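Below is one structure, written out as structure tokens, with a few remarks after it.
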Amino acid sequence: MSSAEEFETKPITPQKLQGPKTFAASYAGEHVAGTEFVIGALFVSWGVGATDVLLGLLLGNLLAVLTWGLITAPIATDTRLTLYAYLEKIAGPGTIKLYSVVNGILFCVLAGAMITVSASAVRILFGIPDQVGYFPTDMRFVAVVLGVGAVVVYMAVKGFEKLAAFAEVCAPWMILMFLVGAFVMMPTTVAATAGVGSIESFADFLKVANDTIWQDTQGEIGFAHVVAFAWVANLAMHGSLGDMTLLRFAKSPKYGYFSALGMFIGHYMAWICAGIMGAGAAIILKTSITAIDPGSVAYQALGASGILAVIIAGWTTSNPTIYRAGLAFSSLNHAWGRTKVTIVVGIITTIIACSPFVFSGLLGFVGYMGLLLAPVGAIIVAEHWIFPKIGLTRYWSSYKGNTTNIAAFATWIVSMVAGIAVEQAGLLHLFFILVPLWIFATVLYIILASAMGAKEEYAEASVAEQAEEARKTAEKQYLATASDDSAQQVIKLPLLANLAKYVSFAALATCVGMGLNAYANQDIETIRTWLIVPTLIYFVTATYAYLARAKVQDALASN
């Protein structure tokens, strides 16, 4: 897509808004990712008890979903702007330039971690050893990273709709691969647990989980840390409003709750399944879980399908992350265009991905990413929702003609410095700083903005508000009409496409059946060898059915 079609600098037009299926697939696809292999295994290496993991992830992910649904999605659908366009409106081009650089770099590193994870699977095909250090030990791994990165960048350049389409096909299979992998590895963990011959009850599972998978070492990491991490893990997207970039396409703010598919499937079920797979792989390989990378974990459980799972899992996350990074840097100069910037960003990201440290240090990086970006989320929420309620003028700095909102800029810098100082002094764990930091930034910004001009009234404000209300009214009218039209349209697929759809369902069912059989019969070798067959059948048939459906929808839309 061109920059104009991606609407980097202006609200999304009603014709470009997307329905619920797009966001359900996008969240399920993006958050069932290659890093789930990393994070799920790290809970094992942390020595966190099973109960702390199971309950902590449940509560932490619920908090993340509520943040998306109650904060990010309502602001995104109200403004229809990217985070960068809206922040520029609030804080001025001076602030947005620095923020875009910081945000873009952070997203580049995050996307780089996903590419590295994908490459950790591809390297198995070439006999390259595990890459778990700070730097690559085999130049062939660098070549693999460059190849994987080229594919990821190509997809990111295609824009939001292509990313959503890719995720829609991949997501169902990816979800099942984590589940199947856990089924396959569970007998290995059972065999390593004294006093348990098989899992006949939840109590048996808890004993295996506590004794062999998540062994409680009574360390510093416990329930509260797991809750905080589950919420912090995606703070850049929800609490810092990064997902305004995606949710501005949503027809309804309720679509923010589709993040539950990503959180409870990806960051709950997948993290738990990855922990089981990681523990099982370490037992089979007779090594520590910290000495094997995601590719080895998945390969031990799923064979060739595991390699494919890690590759695609990395893609489904790195694609939208590079897309976000491209939008961040393109906001520095709108004349550059998102496509050109995304290509440059993708090249930089791929170079970063050549060093495995980007995923081995992922947890600390995610925490610092939240610390750097959370104050900006607080500023946006304060100006968007709190200002009108306490008699302050939204966008006051732009009405004053400021190129930089000093109140916003100072709040961000002071909050970042304060957060880093608190963490470095050891006063609070990194995961616990972000909520008090958000509150601190909100109060500080209200005080500074009030002193610098937000209390004043501006003639431009009423004109701008009227124009915005007119835009929202036109959007509501369009959506009401479009909804009525779509209700009358019945999508009838050609016979071959319908057949392909049902064959794809059967292929997924076969994958699950093979996993259950491997669990019941403790037969890892069969699934390592043959799981790739229903996997390939699924991708061929599901892709064909998706393209056929898209063709019919395009024909209906043109009529």
Side-chain angles (χ1 to χ4, degrees), residues 3-4 6-14 16-17 67-68 70-104 106-107 160 235-250 253 255-256 323-334 338 372-388 392-400 402-409 411-412 438 441-442 445-446 449 454 458 460-461 464-465 467-472 475:
S3 295
E6 288 292 329
F7 299 93
E8 287 102 325
T9 61
K10 57 184 179 180
I12 294 291
T13 59
K16 287 290 182 178
L17 300 183
T67 309
W68 259 300
L70 297 175
I71 295 177
T72 315
I75 294 178
T77 54
D78 188 49
T79 64
R80 298 297 179 194
L81 293 170
T82 67
L83 165 64
Y84 312 102
Y86 196 42
L87 184 59
E88 183 171 348
K89 189 175 181 179
I90 291 172
T95 303
I96 194 62
K97 289 188 185 303
L98 177 61
Y99 179 79
S100 294
V101 170
V102 172
N103 209 14
L106 292 174
F107 278 130
F160 176 77
L235 186 72
M237 280 69 169
H238 53 70
S240 300
L241 302 176
D243 265 3
M244 281 184 66
T245 300
L246 301 182
L247 287 167
R248 64 197 169 118
F249 286 94
Y255 294 178
Y323 172 71
R324 292 186 182 100
L327 285 173
F329 286 116
S330 65
S331 67
L332 296 174
N333 185 340
H334 300 306
R338 185 194 62 84
L372 295 176
L373 301 182
V376 174
I379 291 167
I380 293 174
V381 171
E383 183 130 355
H384 187 84
W385 274 336
I386 299 177
F387 274 29
L392 301 182
T393 302
R394 287 196 293 189
Y395 324 131
W396 60 276
S397 184
S398 64
Y399 299 143
K400 287 177 71 72
N402 297 332
T403 55
T404 300
N405 180 340
I406 300 300
F409 187 81
T411 297
W412 180 32
W438 180 292
T442 299
Y445 181 59
I446 291 173
Y458 302 89
E460 302 98 316
E465 291 292 338
E468 186 65 6
E469 285 302 317
R471 181 191 66 78
K472 292 176 184 178
E475 180 183 290

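FYI, the numbering just counts along the sequence from 1. Keep in mind the model is a prediction, meaning the values are calculated, not measured.
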**Asked** Roughly how far apart are L83 CG and T245 OG1, rounded to 0.5 Å?
**Response** 5.5 Å
**Message:** Looking at every heavy atom in both T393 and E383, which two are closest together, and how far apart are they?
**Reply:** O-OE2, 4.2 Å
**Message:** Can you tell me how far apart OG1 (T403) and CD (E88) are? Round to the nearest 0.5 Å.
**Reply:** 10.5 Å
**Prompt:** If only atom types and distance count, is the side chain of W412 paired as donor or acceptor with the main-chain N or O of L373 below 3.5 Å?
**Reply:** no
**Item:** Short side-chain donor-acceptor distance under 3.5 Å, T95 and N405
**Value:** no
**Request:** Applying side chain to side chain contact (heavy atoms under 4.5 Å, CB included), name anything that partners L70, two or more places apart in sequence or on another chain.
**Result:** L66, Y257
**Complete:** Nearest heavy-atom contact between G256 and W68 is O-CB, 3.6 Å
**Which residues share a side chain to side chain contact (heavy atoms under 4.5 Å, CB included) with T411, sequence neighbours left out** = I379, S415, A441, L444, Y445, L448
**Message:** Any side-chain to backbone donor/acceptor pair from S100 onto K97? Under 3.5 Å, distance only.
**Reply:** no
**Prompt:** What residue among D78, T79, T82 forms side chain to side chain contact (heavy atoms under 4.5 Å, CB included) with M244?
**Reply:** T79
**Message:** Using 30° and 60° as the class boundaries, would you call the ring planes of Y99 and Y84 parallel, tilted or perpendicular?
**Reply:** tilted
**Complete:** Smallest heavy-atom separation, I71 atom then V381 atom, equals CG2-CG2, 3.7 Å
**Message:** For E460, give me all partners under salt bridge (charged side-chain N to carboxylate O under 4.0 Å, His left out), at least two apart in sequence or on another chain.
**Reply:** none
**Message:** Taking the basic N atoms (NZ, or NE/NH1/NH2) and the acidic carboxylate oxygens, is any pair closer than 4.0 Å for K472 and E475?
**Reply:** no
**Request:** Measure from the side-chain N and O atoms of T77 to the backbone N and O of R248, and report whether any donor-acceptor pair falls under 3.5 Å.
**Result:** no
